[in-house]
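So the structure is just underneath, and the comments pick up after that.
No experiment lies behind these values; they were computed from the predicted model shown. As a basis for the values below, the full set of heavy atoms in this structure was taken, side chains included, without hydrogen atoms, waters or symmetry mates.
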Amino acid sequence: MGLWSNKRVSLLPKGTQGVSGERLSLLPVQKEGAPQTGPKPEREIAAPKPRIRAARSWKRITILSCFGVAGFGFAVALMAGGVYWYSRSPKTPKAWNEKAIQALYVGTKFVEEGKENTLRAELVFDLWNTTGYDFTLEAKPSETMIVMQKVRSEPSLVDGLGLTWTVEHGSGTGQLHADGIPGFSREAFLVGPVFIPAGEAVRVDFWSEYDIFDIVAAIGNDEKIRLSDPAQQRKILKHALADTDSFVLLDKKNHYRIELPLQDAVK
């Protein structure tokens, strides 16, 4: 062999040569994790995941709403049942109010009717409305107004159907007959109703009629009938009301009990 050999001698350090003796690149090797200086690749946009949590929340709200509506309906049905039961249950009777309308006796007058041997007594009372509400004494016949008589012989009430009433007319007004002629008009004096304002007193005429049977029973067959005689008038009234302590008006609408005392009327 000569001094020169055809075999290439590597100038690289011995540790840098490969096993095959080929020359290695001197370019620096980029390490993993090192920041890249070139353009960054576009990021992939991830597809939105289904909102499972939100769907579960709406489902829960819907279920709770259904339960709420059902509970409200049950409460309404329960209240309606309670109202129906209360309306059908027996009620405690309301006590009669005896102080709402107070009656004060004023006097008695007599009017001879156009019919023969008939006397009409006019019992005058002031009715005082002690309540804070207006009151109307309804005219007869009425489904809500009952007229009774309180008798003396026993503690009971009897029918007082014949009693009628109307408000007393003042002297500043005149009454007309049905034909328009001024004078006494029976219809004008015997028709109610009577309006009594709250806290006010109204003078009311209560009328009771007595016919020949009452008259004969009071004065006897031997006495001549003179209905214009005040003594005979008093005698007839006293006999007719001998067993009557008072007239009692029962107003079923307001549950008022109005008592008309007759002790002074028959003296």
Side-chain angles (χ1 to χ4, degrees), residues 93-113 115 117-130 135-168 189-194 196 201-221 223 225 227 229-267:
K94 183 180 179 181
W96 288 95
N97 190 341
E98 300 181 3
K99 298 182 179 180
I101 308 297
Q102 298 289 318
L104 178 64
Y105 174 75
V106 177
T108 303
K109 302 176 184 178
F110 296 92
V111 177
E112 293 184 52
E113 288 288 341
K115 297 182 294 183
N117 297 329
T118 302
L119 182 68
R120 178 171 290 273
E122 177 185 353
L123 305 172
V124 184
F125 285 86
D126 283 342
L127 297 186
W128 177 33
N129 183 359
T130 65
F135 172 72
T136 298
L137 182 65
E138 297 181 0
K140 291 175 57 180
S142 171
E143 296 182 356
T144 60
M145 182 64 67
I146 301 175
V147 183
M148 307 292 289
Q149 294 183 51
K150 185 178 179 182
V151 297
R152 298 174 180 175
S153 57
E154 54 185 85
S156 59
L157 297 176
V158 298
D159 190 10
L161 186 61
L163 189 70
T164 59
W165 53 82
T166 184
V167 64
E168 184 169 295
F189 284 87
L190 304 181
V191 178
V194 179
I196 308 177
V202 173
R203 184 153 295 181
V204 181
D205 298 334
F206 292 89
W207 302 87
S208 182
E209 185 179 285
Y210 306 102
D211 56 18
I212 187 62
F213 299 100
D214 299 311
I215 296 171
V216 172
I219 66 176
N221 295 326
E223 186 176 348
I225 299 176
L227 297 182
D229 183 5
Q232 198 171 87
Q233 293 173 349
R234 288 284 178 180
K235 192 174 182 180
I236 296 171
L237 180 63
K238 187 174 182 179
H239 180 271
L241 301 179
D243 196 34
T244 303
D245 184 68
S246 61
F247 288 115
V248 179
L249 310 181
L250 300 175
D251 182 2
K252 296 192 297 182
K253 181 179 179 181
N254 299 285
H255 227 67
Y256 290 167
R257 187 180 190 274
I258 308 171
E259 188 162 353
L260 310 176
L262 299 175
Q263 291 85 356
D264 296 334
V266 296
K267 287 182 178 180

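- A side-chain donor-acceptor contact under 3.5 Å links K140 to the backbone of L163.
- The neighbour count for W128 CH2, taken as heavy atoms of other residues, nucleotides or ligands under 6.0 Å away, does not exceed 12.
- Atom CD of E143 has 12 or fewer heavy atoms from other residues, nucleotides or ligands within 6.0 Å.
- Annotation: the span from K238 atom NZ to L262 atom CG amounts to 13.5 Å, rounded to 0.5 Å.
- Using modelled atom types, no side-chain atom of R203 and backbone atom of L127 make a donor-acceptor pair closer than 3.5 Å.
- Here the side chain of E259 pairs no donor or acceptor atom with the backbone of A103 at under 3.5 angstrom.
- Aromatic ring orientation, F206 versus F125: perpendicular (interplanar angle above 60°, classes split at 30° and 60°).
- Between the T130 side chain and the A100 main chain, a donor and an acceptor come within less than 3.5 Å of each other.
- Side-chain contact between F135 and I258: present, with at least one pair of heavy atoms (C-beta onward) separated by less than 4.5 Å.
- A 4.5 Å side-chain heavy-atom check between L237 and F110 finds at least one atom pair inside the cut-off.
- With hydrogens and angles ignored, the 3.5 Å screen pairs a side-chain donor or acceptor of S142 with a backbone N or O of T144.
- At least one donor-acceptor pair under 3.5 Å links the side chain of Q149 to the backbone N or O of D159.
- Ring planes of W96 and H255: parallel class, angle under 30° (limits at 30 and 60°).
- Between the side chains of Q263 and D245, at least one donor N or O sits under 3.5 Å from an acceptor N or O.
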